[in-house]
Amino acid sequence: MEKLGVSITGSGSAVPETSLDNHALTALVETSDEWITTRTGIRQRRISLPSDSVSSLAAAASRQAIASAGIQATDLDLILLATSTPDDLFGSACQVQAELGANKAVAFDLTAACSGFVFGLVTAAQYIRTGVYKNVLLIGADILSRWVDWQDRKTCVLFGDGAGAVVLQANESDRLLGFALKSDGTQNHHLNLGYAVSSQELLPGINVSQGTYQPITMNGKEVYRFAVQKVPEIIDKALFAANLTVEQIDWLLLHQANQRILDAVAERLNIPEHKVISNLANYGNTSAASIPLALDEAVRQGKIKPNDIIAASGFGAGLTWGAAIFQWGK
Ligand code: UT7
C-alpha cells in the first residue's frame, strides 16, 4: 500500500535559560503578581539573551524531535519553520537546516503568528499526502521578547520565548483526522507588529521608505472575545471533518495565550478540565512555539500516549485561527 497518510512521530522543545517571574516585572511596569496570575494564569516566562537566536532554539527543539522520531537529519525532505520573529527577514529556516546538517531538505519560513504551528501542520501534511515528501520537520519558534514594549503593561507581561518541533512522516494510515483554517484580515488592526514607514527622498521625485518594525500592539479585549467565540467553532468544524464527536477527544491543546481562554473554550465545548493541556504558567504566550512546546512536555510527562486523539487550535494575529485533530504516534 502506498504511504500517503500522515503520522506525527516525534517531538522536541527548547526554551532559553533565563526565567522572569511576575514579581520581576513589577520593577518595570505598574503591575502585580496577583493581576497577572488571576487575569492570565501566567507566573513566569523564559527570556532570550542577546546571544540566543530563533534558529538556535529551533535547532535544539528539532534535534530532540528528530531523535524521538528515530530518524536522521539527513532523512528530512522538508523543514518548515513557523515564526514571526526570524533572525533574518529573508527567513531563518535555512539556518536551521544548516545547523542540523539536513542537507537533503528544502527549508522555508511560514508566518501565521500564533496560528503558525497549526497552519504549518496542515501545510506539511499536504506535501506528504501528495506523495512529494516523506519526512517533514515542522518547528514553531518565536522570540517575542525582542518585540515587546517593556513599558507597556498590557502586553509585556504576556509573552515569552521558546521553540517546539515535531516530525511528520508518510504512513499507511492517516493520523491527521481533520482540520479547518480561517483568516479575517478585516480584524488585522487588533494585533500588530507593524512596520513604521519613514519616507526618504532618494532622488528628486523618488521616495523610498526606510523604517523599522514597531513593538507589539494588541487590543486584548477584542482578541479575547474573538478567541473565545471562534476557537470552539473551528474545533467543531475540524471534528466534523474528522467525523468525530467532542467526547472522543483525549486532549484539548490550545495556543497558550491565557488560562481564562483555555477554560472558556473547554467549557463551551464541554471538555472536562483534566483533558486540557496547560503549561502557560511557566512560559507565558510563546506564539508559534506554544502548541508544540506544550505537546512535547505532555508527551515526555507520559500524559499523551500513542493513539491518543488531540484537538489542537491556534489563534492570533492576522487575524488567523485554525484547528487540527490528530492521533499521536505512528
Ligand atoms: O497570542 C495571540 C492571542 N492573544 C490573546 O489571546 C490575548 C487575549 N486577551 C487577553 O488575554 C486579555 O484581554 C488580557 C490578559 C490581555 C487583558 O485582560 P483583561 O481582563 O481583558 O484586562 P483589560 O485589558 O480589560 O484591563 C483591565 C484593567 C485596565 O485598567 P482600567 O482601565 O480598568 O483601570 C488595565 O489598564 O487592568 C489594567 N491592566 C493591568 N493592570 C495591572 C492591564 N494590564 C495590566 C497589568 N497589570 N499588566
Side-chain angles (χ1 to χ4, degrees), residues 8-16 19 40-46 57-58 60-62 64-65 68-69 81-84 112-122 137-144 158-168 176 179 227 231 234-235 238 249-266 269 271-306 308-316 321-329:
I8 305 176
T9 57
S11 66
S13 59
V15 288
S19 184
T40 71
I42 300 164
R43 293 184 182 276
Q44 57 185 327
R45 66 287 293 143
R46 299 298 183 95
L57 280 176
S62 299
Q64 289 181 6
S68 75
L81 172 61
T83 186
S84 302
C114 304
S115 306
F117 182 79
V118 170
F119 281 35
L121 194 69
V122 173
L137 173 68
L138 168 65
I139 312 149
D142 269 306
I143 298 189
L144 282 180
L158 304 174
F159 299 106
D161 304 336
V166 294
V167 169
L168 294 98
L176 175 60
F179 69 84
V231 171
I234 202 95
I235 291 175
I249 296 173
D250 293 301
W251 301 105
L252 180 67
L253 175 54
L254 301 185
H255 166 49
Q256 306 281 300
N258 186 326
Q259 187 62 43
R260 285 158 53 216
I261 296 177
L262 269 57
D263 295 343
V265 170
L269 289 169
I271 294 176
E273 202 187 318
H274 70 268
K275 290 187 174 183
V276 180
I277 292 175
S278 171
N279 71 351
L280 59 82
N282 293 327
Y283 302 109
N285 177 344
T286 57
S287 195
S290 86
I291 293 176
L293 181 58
L295 172 75
D296 183 54
E297 275 200 358
V299 168
R300 281 172 204 277
Q301 288 163 355
K303 278 175 142 181
I304 295 180
K305 298 191 176 60
D308 280 0
I309 294 176
I310 300 163
S313 178
F315 52 90
W321 63 110
I325 317 292
F326 59 92
Q327 208 163 6
W328 178 251

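Quick note: numbers below take in every heavy atom, side chains included, and nothing from hydrogens, waters or symmetry partners.
Put simply, the side chain of Arg46 reaches to within 4.5 Å of the side chain of Tyr283, judged on heavy atoms. Counting heavy atoms from C-beta on, the side chains of Leu269 and Ile249 never come closer than 4.5 Å. Gln44 has its side chain within reach of Asn282: a pair of non-hydrogen atoms, C-beta onward, lies under 4.5 Å apart. Contact of the Thr286 side chain with the Arg45 side chain is not registered, since no non-hydrogen atoms from C-beta on lie closer than 4.5 Å. By the 4.5 Å heavy-atom criterion applied to side chains, Leu254 and Ile235 are counted as neighbours. Counting heavy atoms from C-beta outward, Ile277 and Ile304 have side chains that approach closer than 4.5 Å. Side-chain atoms of Val231 and Ile261, non-hydrogen and from C-beta on, never get closer than 4.5 Å to each other. In this structure, the side chains of Phe179 and Val118 stay at 4.5 Å or more apart for every pair of heavy atoms.
Smallest separation of non-hydrogen atoms from Ala82 and Phe117: CB-N, 4.1 Å. The nearest pair of heavy atoms linking Ser11 to Asp296 is OG-OD1, 2.7 Å. For the residue pair Asn279 and Ala294, the shortest heavy atom distance occurs at ND2-CA, 3.5 Å. Closest of all the heavy-atom pairs between Ala311 and Ile325 is CB-CD1, 3.7 Å. Taking each heavy atom of His255 and Ser290 in turn, the nearest pair found is ND1-OG, 2.7 Å. Contact between Ser62 and Ala58 at its shortest, heavy atoms only, is OG-O, 2.6 Å.
For the residue pair Thr83 and Asp142, a side-chain donor N or O sits within less than 3.5 Å of a side-chain acceptor on the partner. Donor-acceptor pairing under 3.5 Å is lacking for the side chains of Glu297 and Ser13.
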**OP:** Begin with the C-alpha distance, continue with both residues' side-chain angles, and end with the deciding distance and a verdict on side-chain contact (heavy atoms from CB on, under 4.5 Å) for Ser278 and Gln256.
**Re:** CA-CA 7 Å; Ser278 171; Gln256 306 281 300; 3.9 Å; yes
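If you run side-chain contact (heavy atoms from CB on, under 4.5 Å) between Ile8 and each of Val299, Leu168, Leu176, only Leu168 comes through.
To the nearest 0.5 Å, atom NZ of residue Lys303 and atom CG of residue Asp250 are 13.0 Å apart. Atoms CZ and CG, from Arg300 and Leu295 in turn, are 10.0 Å apart once rounded to the nearest 0.5 Å. Here Leu137 contributes atom CG and Leu81 contributes atom CG; the two are 9.0 Å apart, rounded to the nearest 0.5 Å.
The backbone N or O of Gly322 lies less than 3.5 Å from a partner atom in the side chain of Ser313, making a donor-acceptor pair.
In this structure Ala113 satisfies the side-chain contact (heavy atoms from CB on, under 4.5 Å) test together with Ser84, Ala317, sequence neighbours excluded.
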Only pairs under 3.5 Å count here: list side-chain donor-acceptor contacts from residues 158-166, not counting sequence neighbours, and write none if there are none.
from, atom 1, to, atom 2, distance (Å)
Asp161, OD1, Leu144, N, 3.1
Asp161, OD1, Ser145, N, 3.0
Asp161, OD1, Ser145, OG, 3.3
Asp161, OD2, Ser48, N, 2.7
Asp161, OD2, Ser48, OG, 3.0
Asp161, OD2, Ser145, OG, 2.6

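Enclosure of atom CZ in Arg43 is not indicated, since only 12 or fewer non-hydrogen atoms of other residues, nucleotides or ligands lie within 6.0 angstrom.
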